[in-house]
Amino acid sequence: MAKHNIPSAIRGTQDIFGEDQERFGHVVETFDRVRRLYNFKRAELPVFEATGVFARSLGESTDVVSKEMYSFEDRSGDSLTLRPEFTAGIARAYLTNGWQQHAPLKLATHGPLFRYERPQKGRYRQFHQIDAEIIGAAEPQADVELLVMADQLLKELGIDQGVTLQLNTLGDSATRAAWRTALVDHFEKHKGELSEDSQNRLETNPLRILDSKEAQDRPIADSAPDIDEFLSDDAAAFFASVTSGLNAANVAWQRNSRLVRGLDYYRHTAFEFVTDRLGAQGTVLGGGRYDGLIQNMGGPATPAVGWAAGIERLAMLVDTLQTPKLDVAVVAENRDRESEAMALVSQLRRGGVSTEIFATGSPKKRYNRAVKTSPRFIASLDVRDGEKTQGLSAQGDEADDRITSLFDNRAWLKG
RNA sequence: GCGAUCGUAGCUCAGUUGGUUAGAGCGCCGGUUUGUGGUACCGGAGGUCGGGGGUUCGAGACCCCUCGAUCGCCCCA
């Protein structure tokens, strides 16, 4: 199968074609339609950035930065990194282009991301996300708007069944710091009972112990102090506005006080849309508020919220799509009619009708090949008993005046 | 990074306890038949059995290594 001398695809990359591409394209098109309804502007951003853009903002100790980035030196010796996520690059673009003048700015984008991970169902080294961000909006209404948009997107894709919105707050930075300290204290006390993984997490990312799947970790994680004990009044009020906004918009949600986000920059609202239909890769859309990120990057204090969703994961949930049918298959059943067939095809295409020509290979089999593409109409050009014959036949029971009149206009017929 | 399963024509797969020139269906190309029709029949092209090494008189089948896919762990979207 894999022949010698034929290059193979890089591990974890995909060549998306056929039905998979139909689903993929459907997700992107639906996103683009929905983001217009919410008046988000499209942005196209570079696929690589200076390494520091990601390393500093995501957190040096996160797995994404410490072992998953595709980083390399370019010819001038600068360290560059293929984007492992969108948010940091968008924040950078916001600052370098002076987009403060447009604040609050609602941005949407999509494209490839790169992470050096072990490939698995719904997990690739080059994967694709759709992404929505609101930058320069401190109000909880921004969080609500983003969540309502996500909810509508999933509904329009027809995949809201079995997908639940899990919501949490991480509080402001003082809250998060106090909670984190209390968690570390709690876990230190039970360190000996924790799994090996979780003992490591205690050093690197203690919040992650909360959603550990190890049975031996569960009692300790479940008895850990809750964020609610540490929430400042402002942070609690903020979260209350988000939840009441969701209720007002009729978006179903579940509080998950153990929900934690992997990247360091999140504050306040954190959320994931989760399904049980994708095995281990259950998170289909995730995000939250990252008020401190832009300031950390050297810009002015700028509140922001956003989310991203994996296009491949969404596409896997989408039901089989009916692909749009070809309008007309033009068949030259005789070699002497081939150039006229080409003329007819051009006339139809210029008239806005999707058309394919069948004028190669065995004349006897051209018609059969045309039938197999399941077109709406078949136009047949033949020579019978020395006479030219031509006909247009509908394959279903539908009529189409536009196609009929383009065919009946015999400009393509010579002599 | 760790564990498990898998890898035979373009595609989906058979290949019996290791035994002569590796098979089918679909697809592709050609022919005959039919003659306004996705017909039937005949023929053809296309495989270093993922790659490398080993065991054996003999390996697609067994062993080791390697690459890739899949499913978990981890991480995350």
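Below, chain A is the first sequence line, B the second, and so on; all start at residue 1.
With a cut-off of 3.5 Å on both pairing distances, B:C74 has no Watson-Crick or G-U wobble partner at all. Remark: B:G58 base-pairs with no nucleotide; criterion is Watson-Crick or G-U wobble with both hydrogen-bond distances under 3.5 Å. B:G38: no Watson-Crick or G-U partner with both key distances under 3.5 Å is found in any strand. Shown here, B:G44 forms a base pair with B:C28; the pair counts as Watson-Crick or G-U wobble because both key distances fall under 3.5 Å. For B:G68, the paired nucleotide is B:C6, the pair qualifying as Watson-Crick or G-U wobble because both relevant distances are below 3.5 Å.
Between the side chains of A:Thr283 and A:Glu272, at least one donor-acceptor pair of N or O atoms lies under 3.5 Å. Checking A:Gln395 against A:Ser393 by side-chain atom types alone, a donor-acceptor pair falls below 3.5 Å.
Straight-line distance from the CZ atom of A:Arg313 to the P atom of B:C75: 14 Å, rounded to whole Å. Note: CZ (A:Arg118) to P (B:A4) measures 11 Å, nearest angstrom. Atom NZ of A:Lys121 is separated from atom P of B:U5 by 20 Å (rounded to the nearest Å). The distance from atom CD of A:Gln126 to atom C1' of B:A77 is 14 Å, rounded to the nearest whole Å. Separating the CG atom of A:Asp15 from the P atom of B:G68 is a distance of 15 Å, rounded to the nearest angstrom. Put simply, NZ on A:Lys388 is 19 Å from C1' on B:U36, counting in whole angstrom units. Atoms CD (A:Glu312) and P (B:C76) sit 18 Å apart, rounded to a whole Å. The distance from atom CG of A:Leu381 to atom C1' of B:U36 is 13 Å, rounded to the nearest whole Å.
You won't find any donor-acceptor pair under 3.5 Å spanning the side chain of A:Glu117 and the base of B:G1, going by distance alone. Donor-acceptor pairing under 3.5 Å, judged by distance alone, is absent between the side chain of A:Arg369 and the base of B:G27. Taking 3.5 Å as the limit, the base of B:C75 and the side chain of A:Arg123 contain a donor-acceptor pair of atoms between them. Not a single donor-acceptor pair, N or O on each side, falls under 3.5 Å between the base of B:C75 and the side chain of A:Arg201.
Looking at heavy-atom distances under 4.0 Å, A:Gly12 makes contact with sugar-phosphate atoms alone, never a base. Nucleic acid contact class of A:Phe86 (heavy atoms, under 4.0 Å, all strands): none. The residue A:Gly122 sits close to a base: some heavy atom pair falls under 4.0 Å. Residue A:Lys67 is out of contact with every strand shown, counting any heavy-atom pair closer than 4.0 Å. In this structure, A:Glu214 reaches neither bases nor backbone, as no heavy-atom distance under 4.0 Å exists between it and the strands shown.
A gap of 22 Å separates the C1' atoms of B:U34 and B:G44, to the nearest Å. Rounded to whole Å, the P atom of B:U55 lies 35 Å from the corresponding atom of B:U70. Between B:G1 and B:G23, the two P atoms lie 41 Å apart (nearest whole Å). Atom name P, nucleotides B:C6 and B:G15: the rounded distance is 14 Å, in whole Å. Only the C1' atoms considered, B:C11 is 35 Å distant from B:C74, to the nearest whole Å. Across the P atoms, B:C64 and B:G3 are found 14 Å apart, a figure rounded to whole Å. Taking atom C1' in both B:C62 and B:A45, one finds a spacing of 35 Å when rounded to whole Å. B:C57 and B:A14 are spaced 28 Å apart, taking the C1' atom of each and rounding to whole Å.
The side chain of A:Gln120 lies closest to B:C73 when the candidates are B:C76, B:G37, B:C73. Comparing atom distances between the A:Thr389 side chain and each of B:C76, B:G72, B:U36 picks out B:U36 as nearest. The side chain of A:Val371 lies closest to B:G38, out of B:G38, B:A77, B:C73.
With hydrogens and angles disregarded, no donor-acceptor distance shorter than 3.5 Å links the side chain of A:Arg35 to the backbone of A:Lys41.
Of the residues near RNA chain B, A:Ser212 and A:Ile311, the one whose nearest nucleotide (by heavy atom distance) lies more toward the 5' end is A:Ser212. Of the residues near RNA chain B, A:Leu278 and A:Ile378, the one whose nearest nucleotide (by heavy atom distance) lies more toward the 5' end is A:Ile378.
Classification of the A:Tyr38-A:Phe40 ring pair by plane angle, with boundaries at 30° and 60°, yields perpendicular. Using the six-membered ring where Trp is involved, A:Phe72 and A:Phe48 have ring planes that are perpendicular, over 60° apart on the 30 and 60° scheme.
The closest side-chain heavy-atom distance from A:Arg176 to A:Asp172 is not below 4.5 Å.
Contact annotation: A:Lys213 does not reach the phosphate of B:G72 (side-chain N/O to OP1 or OP2, under 4.0 Å).
The cationic group of A:Arg115 does not satisfy the cation-pi geometry with A:Tyr70, failing either the under 6.0 Å distance to the six-membered ring centre or the 45° limit from the ring axis.
Comment: A:Arg123 does not engage A:Glu312 in a salt bridge, judged by the lack of any side-chain N to carboxylate O separation of less than 4.0 angstrom.
Taking the 5.5 Å centre cut-off and the 30° plane limit, the aromatic side chain of A:Tyr367 is not classed as stacked on B:G38.
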